[in-house]
There are 2 protein chains.
Amino acid sequence: MLQKKTKYAIKALLSLAKEYKDNKPMKISEIAEKEGIPRKFLEAILLELRHHGIVGSKMGATGGYYLLKHPEEIMLSNVIRLTGGPIALLPCVSLNFYEPCVECVSEEVCGLRNVILEVREASIKILSKTSLADILLRELKLSKKVKPLKTKR
Amino acid sequence: MLQKKTKYAIKALLSLAKEYKDNKPMKISEIAEKEGIPRKFLEAILLELRHHGIVGSKMGATGGYYLLKHPEEIMLSNVIRLTGGPIALLPCVSLNFYEPCVECVSEEVCGLRNVILEVREASIKILSKTSLADILLRELKLSKKVKPLKTKR
DNA sequence: TTAATTCCTACTAAATTAGTAGTATATTTG
DNA sequence: CAAATATACTACTAATTTAGTAGGAATTAA
Ligand code: FES
Ligand code: FES
């Protein structure tokens, strides 16, 4: 499971991505309110994302956060990794959170590891080709499908 | 990430699967030693697996645990679920550990959920077609690849 | 100068996971 | 039957991780 932190980070970045056209700083409190994220927690998360070079900030009155990259360049896999979420199901197959399996005789020959490796590859394949922009696009498509209310087919 | 508990469960079941030919009860302490699992913890895990009808036990001297199904019928996805590990990355896409996403306006239209759903499907596809027997088979193949020592060519 | 905002360190609280203790109950074997 | 050897089961404790908060320093606009 992804941590709340990771989910909040993605949501916040999506909020910024939506306003990317003029990309002027957006206040923490504004994002927090829109996305239903505890204000102070979000503050810490955005700070961390800035340290990772994915968003920028402006201090003082009229300050806030903005994206440093185009929404098409920010991949889900990256956001997940940066906010501490390993994607792999076992540490022995994780690229970024690798730890050897002490009980297993040999990683080379471990059948379980071999399966979990396949799962990781399948997951990464999807997550690393999906950008913030892609998610917004999906949202658009879904909302068309789900409520074709006043549109004349 | 899978819990230790889940990993231990899989390992223990693989131990039993290896001896499935005569399928006579194997002692907890024997499994624990072979797989490097804390004895008492394993006891609790096997007990739970029994309650879920995946293994059987015999009490008293000469007692122990044995598989109730053929190793080909026990799927990784099942073991993971039974031992408490959700496979999905978010509760809103989990079949067995579903919880609604409070901050999201609508699950129907949530772009993030839509991607995570794809990831879950890809993972389940692999995990639900891989049995204990399959894992043992992989192990066999891997060990042939990795040490073609005394084999001619 | 004041108000509004991010920056940053250091916590606290809650939840989850990992593991243990100890006793009851069942079974084999002599 | 009695002793030895298992599992069954309940109820903890300890360790780790995750979620969230407090509060003041630094920065900027007006
Ligand atoms: S090496 Fe990691 S599960 Fe065996
Ligand atoms: S509904 Fe679960 S992430 Fe949006």
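Lettering of chains follows the sequences in order, A, B, ..., and the numbering in each one begins at 1. Source: prediction; values computed, not measured.
- Nearest-nucleotide positions on DNA chain D for B:Arg39 and A:Lys58 put B:Arg39 closer to the 5' end.
- Per the geometry, CG belonging to A:Leu49 stands 14 Å off P belonging to C:dC8, to the nearest Å.
- Whole-Å rounding puts the B:Ile45 CD1 to C:dG19 C1' distance at 10 Å.
- Here the nucleotide nearest the side chain of B:Ala61, chosen from D:dA29, D:dA4, C:dT6, is D:dA4.
- Applying the 6.0 Å contact sphere to CD of A:Glu30 captures more than 12 heavy atoms from other residues, nucleotides or ligands.
- Under the rule for a side-chain contact (heavy atoms from CB on, under 4.5 Å), the partners of A:Thr6 that lie at least two apart in sequence or sit in another chain are A:Leu2, A:Gln3, A:Ile10, A:Ile80, A:Thr83.
- Heavy-atom contacts from other residues, nucleotides or ligands closer than 6.0 Å to CD of B:Glu121 number more than 12.
- If you measure from atom CG of B:Leu46 to atom C1' of C:dG19, you get 15 Å, rounded to the nearest angstrom.
- Counting only heavy atoms from C-beta on, A:Leu47 has its side chain closest to C:dC8 among C:dA3, D:dA8, C:dC8.
- Between A:Lys4 and D:dA19 there is no side-chain polar atom (N or O) within less than 4.0 angstrom of OP1 or OP2.
- If you check every strand for non-hydrogen atoms under 4.0 Å, B:Gly84 touches nothing.
- Side-chain nitrogen and oxygen atoms of A:Gln3 include at least one within less than 4.0 Å of the OP1 or OP2 phosphate oxygen of D:dA19.
- Comparing atom distances between the B:Glu43 side chain and each of C:dA18, C:dT28, D:dC9 picks out D:dC9 as nearest.
- Note on B:Arg50: a side-chain N or O is less than 4.0 Å away from OP1 or OP2 of D:dA8.
- In this structure, A:His51 reaches the C:dC8 phosphate: one of its side-chain N or O atoms is under 4.0 Å from OP1 or OP2.
- Straight-line distance from the CD atom of A:Glu48 to the C1' atom of C:dC7: 14 Å, rounded to whole Å.
- When the side-chain nitrogen and oxygen atoms of A:Ser57 are compared with OP1 and OP2 of C:dC7, one or more of them lie within a distance under 4.0 Å.
- For the OP1/OP2 pair of D:dA19 and a distance below 4.0 Å, the side-chain nitrogens and oxygens of A:Tyr8 include no atom meeting the criterion.
- Ranking D:dG24, C:dT25, D:dG20 by closeness to the A:Lys40 side chain, first place goes to D:dG24.
- At whole-Å resolution of the value, CZ in B:Phe41 and P in C:dG22 are 19 Å apart.
- As rounded to whole Å, 15 Å separates atom P of D:dT21 from atom NZ of A:Lys5.
- Going from atom CG of B:Leu42 over to atom P of C:dT20 covers 12 Å, rounded to whole Å.
- Residue B:Ile28 places its side chain closer to D:dT7 than to any other of C:dT27, D:dT7, D:dA29.
- Among the nucleotides C:dT20, D:dG20, C:dT25, the one closest to the side chain of B:Met59 is C:dT25.
- Using a 4.5 Å cut-off on side-chain heavy atoms (C-beta onward), A:Lys7 and B:Glu103 make contact.
- By the 4.5 Å heavy-atom criterion applied to side chains, A:Lys5 and A:Phe41 are counted as neighbours.
- Protein atom NZ of B:Lys27 is 15 Å distant from nucleotide atom P of C:dT28, rounded to whole Å.
- A heavy-atom distance below 4.5 Å is not found between the side chains of B:Pro100 and B:Cys92.
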